[in-house]
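Beneath this line is the structure, given in structure tokens, with notes to follow.
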Amino acid sequence: MRDLTSEEQILSAGIQKTVSYCPADYGALLRPEWAAARGCVVVPTESAARLPGGQIPLISTALAKRGYDQCYVVLSEDLGLEERPVALGTSASEFEALNSRYGIYRFVIVPADAAWAIACNEWFNLFGAPQGLVAEMLGCEPELARREFDLYAAKIGGSLTYVADLYRSQAA
């Protein structure tokens with residue numbers, strides 16, 4: 001993990017704005033229009049402000065299989081000057097370091113080509129990518145993950161039901 005140069009910060013912020021937005025108190029959401037233009041599905045999953053440890057090897061392996069060895073991590077909340085976007089390798093150890101450094105904050109992980117994205121929030125993560133990649137990163141079919149999130153959202157309520165509805169309609 002390394003801090004980005006000023007030029008890379010501008011580039012990564014532009015990429016992040018292409019794929020995500022932060023309305024009200026929902027956290028970082030992935031843009032449905034980005035997903036549609038890229039042929040991606042967006043699947044919400046239960047999480048606690050970080051990448052789940054059990055998913056890290058799946059994510060790392062799936063990205064490596066597709067030739068991704070680097071991505072950007074852009075915070076989706078203002079933490080002041082001390083925290084900046086970073087370049088991140090896609091190895092399991094890099095994702096574990098990401099959890100250690102930014103695990104309590106909202107952030108978006110995205111490669112330079114914006115072909116996939118992961119948004120991490122306090123109560124949920126969003127995985128956006130072509131269906132096969134999402135399935136490999138999650139270790140299950142997107143529809144199963146979506147159903148599990150629907151049950152979680154129904155129990156917790158609040159903004160989670162909005163997130164479930166937003167991406168359920170995108171899948172239909």
Side-chain angles (χ1 to χ4, degrees), residues 11-52 54-77 85-90 94-95 98-99 102-103 105-150 152-153 159-172:
L11 173 67
S12 66
I15 294 167
Q16 184 253 345
K17 286 178 183 170
T18 299
V19 303
S20 70
Y21 65 108
C22 296
D25 291 329
Y26 296 121
L29 301 179
L30 298 180
R31 294 182 183 280
E33 63 273 18
W34 162 79
R38 294 283 187 156
C40 294
V41 296
V42 177
V43 179
T45 63
E46 178 181 351
S47 184
R50 61 185 51 234
L51 292 172
Q55 279 184 303
I56 288 176
L58 297 172
I59 295 166
S60 181
T61 300
L63 295 177
K65 214 164 104 174
R66 285 165 176 76
Y68 288 99
D69 60 359
Q70 183 173 299
C71 54
Y72 297 119
V73 176
V74 181
L75 295 171
S76 50
E77 60 184 318
V86 294
L88 183 75
T90 58
E94 287 279 305
F95 285 127
L98 170 66
N99 274 349
Y102 289 131
Y105 304 112
R106 297 174 180 172
F107 58 88
V108 177
I109 306 167
V110 62
D113 67 359
W116 55 270
I118 302 170
C120 294
N121 296 285
E122 300 90 327
W123 294 93
F124 65 93
N125 289 342
L126 297 171
F127 287 79
Q131 185 159 332
L133 178 55
V134 168
E136 287 180 43
M137 289 193 291
L138 296 177
C140 67
E141 288 303 313
E143 282 311 309
L144 175 59
R146 205 176 257 115
R147 284 193 303 271
E148 289 173 356
F149 186 80
D150 285 347
Y152 168 68
S159 63
L160 294 179
T161 55
Y162 170 81
V163 172
D165 290 344
L166 177 65
Y167 296 110
R168 186 181 315 104
S169 64
Q170 180 242 1

Which pair of heavy atoms, one from Pro32 and one from Leu166, lies closest together, and at what distance?
CG-CD1, 4.2 Å
For the SG atom of Cys140 and the CD atom of Glu148, what is their distance to the nearest 0.5 Å?
5.5 Å
Inspect the contact between Glu136 and Arg66 and indicate whether a charged nitrogen and a carboxylate oxygen are less than 4.0 angstrom apart.
yes
Salt-bridge present (Asp150, Arg147; N to O < 4.0 Å):
no
Flag side-chain contact, heavy atom, 4.5 Å: Tyr167 against Val41:
no
Do the side chains of Phe95 and Leu88 get nearer than 4.5 Å, heavy atoms only?
yes
Using modelled atom types only, decide if a donor and an acceptor are shared between the side chain of Trp34 and the backbone of Ala114 within a distance under 3.5 Å.
yes
Heavy-atom side-chain proximity of Leu58 to Met137 below 4.5 angstrom:
no
Any donor-acceptor pair under 3.5 Å from Arg31 side chain to Lys17 backbone:
yes
Nearest-0.5 Å distance, CG of residue Asp69 to CG of residue Leu63:
10.0 Å
Show the nearest heavy-atom pair for residues Thr90 and Gln70, with the distance to one decimal.
CG2-N, 3.9 Å
Any side-chain heavy-atom pair of Tyr72 and Pro85 under 4.5 Å
no
Looking only at non-hydrogen atoms, find the nearest pair between Ala115 and Tyr68 and report the distance.
CB-OH, 3.2 Å
Nearest heavy-atom contact between Leu126 and Ala28 is CD1-O, 3.6 Å
Exam field: side chain Ser60 to backbone Ile56, donor-acceptor pair closer than 3.5 Å:
no
Quick check: do Leu30 and Tyr21 have side-chain heavy atoms less than 4.5 Å from each other?
no
CZ/Phe149 to OG1/Thr45 distance, rounded to the nearest 0.5 angstrom?
7.5 Å
Member of Val19, Ile59, Val110, Ile109 meeting the side chain to side chain contact (heavy atoms under 4.5 Å, CB included) criterion with Trp116
Ile109
Hey, can you tell me if Phe107 and Tyr102 have their rings parallel, tilted or perpendicular (30° and 60° cut-offs)?
tilted
Does any non-hydrogen side-chain atom of Val163 lie less than 4.5 Å from one of Leu29?
yes
Donor-acceptor pair, side chain of Asn99 and main chain of Arg50, under 3.5 angstrom:
no
Identify the heavy atoms of Gly128 and Cys40 that sit nearest to each other, and give their distance.
C-CB, 4.4 Å
Below 4.5 Å, heavy atoms only, C-beta onward: do Glu141 and Gln131 meet side chain to side chain?
yes
Hey, what do you get for CZ (Arg168) to CD (Glu143), rounding to the nearest 0.5 Å?
10.0 Å
To the nearest 0.5 Å, how far apart are CD in Glu122 and OG in Ser47?
10.0 Å
Side chains of Pro52 and Asn125: closer than 4.5 Å at any heavy-atom pair?
yes
Would you give the length of the straight line joining atom SG of Cys71 to atom CD1 of Ile118, rounded to the nearest 0.5 angstrom?
7.5 Å
